[in-house]
Amino acid sequence: MSEPLDPRRRRAVIGAIAAVGLAGLGPLSAATPPQIEGPFFPVGEPAESDADLTQLDGRAQRAAGRTVEIHGVVRDASGVPLAGAVVHVWQANHHGRYAHPAETNPAPLDPNFQGYARLLTDAEGAWRLMTIVPGAYPVERGWSRPPHVHFKVSHTGHRELITQMYFGGEALNDVDRILQALPAAERSKLVVTFATDTAGAVAVGRFDMELRKA
């Protein structure tokens with residue numbers, strides 16, 4: 001992870017940061033802190049977009065990596081659950097590579113990893129996802145992005161939220177330029193601790209998101 005990426009990929013990642021501006025992500029409030037979208041939001045309509053990123057239709061083998069379950073509730077600023085919110089989820093695979101035409105990371109693709117989901121919250125504003133812990137990947141010398149999952153959430157009458165969820169206990173969280181641009185109180189809303197009830201079970205983490213009114 002110490003070697004820099006292909007310069008084209010480095011420019012894409014840094015360009016996405018510059019386009020939004022770390023200081024221009026909008027005012028911070030009780031709502032979920034926004035983060036950059038990044039350059040790898042899926043293009044077109046992916047073949048699969050269900051809630052299980054670890055298993056593709058017609059394939060017996062599951063995605064490489066540690067399987068985790070993420071769930072949460074989308075609410076408005078007053079705490080009311082938002083039914084029918086659209087939740088886009090995308091991430092790198094176990095090796096730290098995105099399945100995207102702009103991706104130049106030489107890490108391998110995983111033919112068994114879905115990489116993207118489009119979810120709708122239920123009547124209680126809840127959503128649930130099965131995925132794997134994504135790999136870290138280098139942006140430039142001295143900076144590797146920690147494992148993270150991207151979210152884009154929309155609901156009628158509310159501002160679209162673009163953010164990222166991070167995994168508790170990852171050392172790279174402490175030096176990530178994007179996460180560390182937030183105050184500590186805001187960072188804590190994006191870092192999720194995963195736990196299991198029994199040995200050998202899939203680790204589960206909860207990531208609630210709050211949308212501001214439009």
Side-chain angles (χ1 to χ4, degrees), residues 32 35 37-38 40-75 81-100 103 105 107-137 145-155 161-170 172-173 179 189-211:
T32 304
Q35 294 263 274
E37 180 175 296
F40 302 120
F41 184 81
V43 174
E45 198 65 34
E48 286 189 44
S49 58
D50 59 41
D52 187 353
L53 275 61
T54 72
Q55 182 80 63
L56 290 171
D57 288 343
R59 287 185 179 271
Q61 190 172 348
R62 289 188 174 271
R66 180 163 66 94
T67 299
V68 292
E69 180 184 300
I70 311 171
H71 68 99
V73 175
V74 178
R75 297 185 174 91
L82 297 175
V86 179
V87 181
H88 297 275
V89 187
W90 69 104
Q91 64 172 82
N93 66 19
H94 171 65
H95 308 290
R97 178 168 174 171
Y98 292 86
H100 190 281
E103 174 67 283
N105 188 349
L109 287 168
D110 182 349
N112 300 306
F113 183 56
Q114 187 171 300
Y116 167 77
R118 183 184 185 277
L119 313 174
L120 285 178
T121 58
D122 64 16
E124 286 74 46
W127 56 273
R128 189 174 299 270
L129 178 76
M130 191 72 73
T131 186
I132 54 96
V133 177
Y137 57 82
R145 293 237 55 212
H148 60 280
V149 179
H150 295 265
F151 290 84
K152 180 186 288 190
V153 187
S154 58
H155 189 275
L161 169 68
I162 298 173
T163 194
Q164 298 176 33
M165 187 214 80
Y166 300 82
F167 294 79
E170 293 286 346
L172 288 173
N173 290 344
L179 179 59
K189 298 176 183 179
L190 302 182
V191 180
V192 173
T193 299
F194 285 75
T196 60
D197 292 331
T198 57
V202 171
V204 178
R206 178 163 182 162
F207 184 52
D208 293 337
M209 291 177 281
E210 182 182 307
L211 304 187

Determine yes or no for a side-chain-to-main-chain donor-acceptor pair under 3.5 angstrom, with [X] supplying the side chain and [Y] the backbone.
X      : Y      : result
His155 : Ala83  : yes
Asn173 : Phe167 : yes
Gln91  : Pro147 : no
Asn112 : Arg59  : no
Glu48  : Asp57  : yes
Thr121 : Leu82  : yes

(request) Evaluate the side-chain proximity of Lys189 to Thr32: yes if any heavy-atom separation is below 4.5 Å, no if none is. (result) no
(message) With a 4.5 Å cut-off on side-chain heavy atoms, are Val87 and Phe151 touching?
(response) yes
(message) Just to verify, which of Leu129, Val73, Thr163 counts as forming a side chain to side chain contact (heavy atoms under 4.5 Å, CB included) with Phe207?
(response) Thr163
(request) Please say which of Leu120, Val153, Ile70 ends up in a side chain to side chain contact (heavy atoms under 4.5 Å, CB included) with Trp127. (result) Ile70
(message) Using side chain to side chain contact (heavy atoms under 4.5 Å, CB included), reason through Leu179 and His148 one step at a time and then give a plain yes or no.
(response) CA-CA 10 Å; Leu179 179 59; His148 60 280; over 6 Å; no
(message) Tell me every residue that passes salt bridge (Lys or Arg N to Asp or Glu O under 4.0 Å) with Arg118, counting only those two or more places apart in sequence or in another chain.
(response) none
(message) Applying salt bridge (Lys or Arg N to Asp or Glu O under 4.0 Å), can you list everything that pairs with Asp110, at least two apart in sequence or on another chain?
(response) none
For [X] and [Y], which heavy atoms make the closest approach, and how far apart are they?
X      : Y      : result
Ala107 : His95  : CB-O, 3.5 Å
Leu172 : Pro146 : CB-CB, 3.6 Å
Gly96  : Asn105 : O-ND2, 2.9 Å
Gly205 : Phe194 : N-CD2, 3.2 Å
Ala92  : Tyr98  : N-CE2, 3.4 Å
Leu119 : Arg128 : CD1-O, 3.9 Å

(request) Output yes when Arg62 and Asp52 qualify as a salt bridge under the 4.0 Å nitrogen-oxygen rule, no when they do not. (result) yes
(request) State whether Glu103 and Arg97 are salt-bridged, where the test is any N-O pair (Lys NZ or Arg NE/NH1/NH2 against Asp/Glu carboxylate O) under 4.0 Å. (result) no
Gap separating the [atom1] atom of [X] from the [atom2] atom of [Y], nearest 0.5 angstrom:
X      : Y      : atom1 : atom2 : answer
Leu53  : Asn93  : CG    : CG    : 11.0 Å
Arg66  : Thr131 : CZ    : OG1   : 11.5 Å
Glu210 : Leu161 : CD    : CG    : 10.0 Å
Gln35  : Ile162 : CD    : CD1   : 11.0 Å
Thr67  : Gln55  : OG1   : CD    : 10.0 Å
Glu69  : Thr54  : CD    : OG1   : 11.0 Å

(request) Give me the ring orientation class for Trp90 and His150: parallel if the planes are under 30° apart, tilted from 30 to 60°, perpendicular past 60°. (result) parallel
(message) Tell me if the aromatic rings of Phe41 and His88 count as close, with their centers under 6.0 Å from one another.
(response) yes
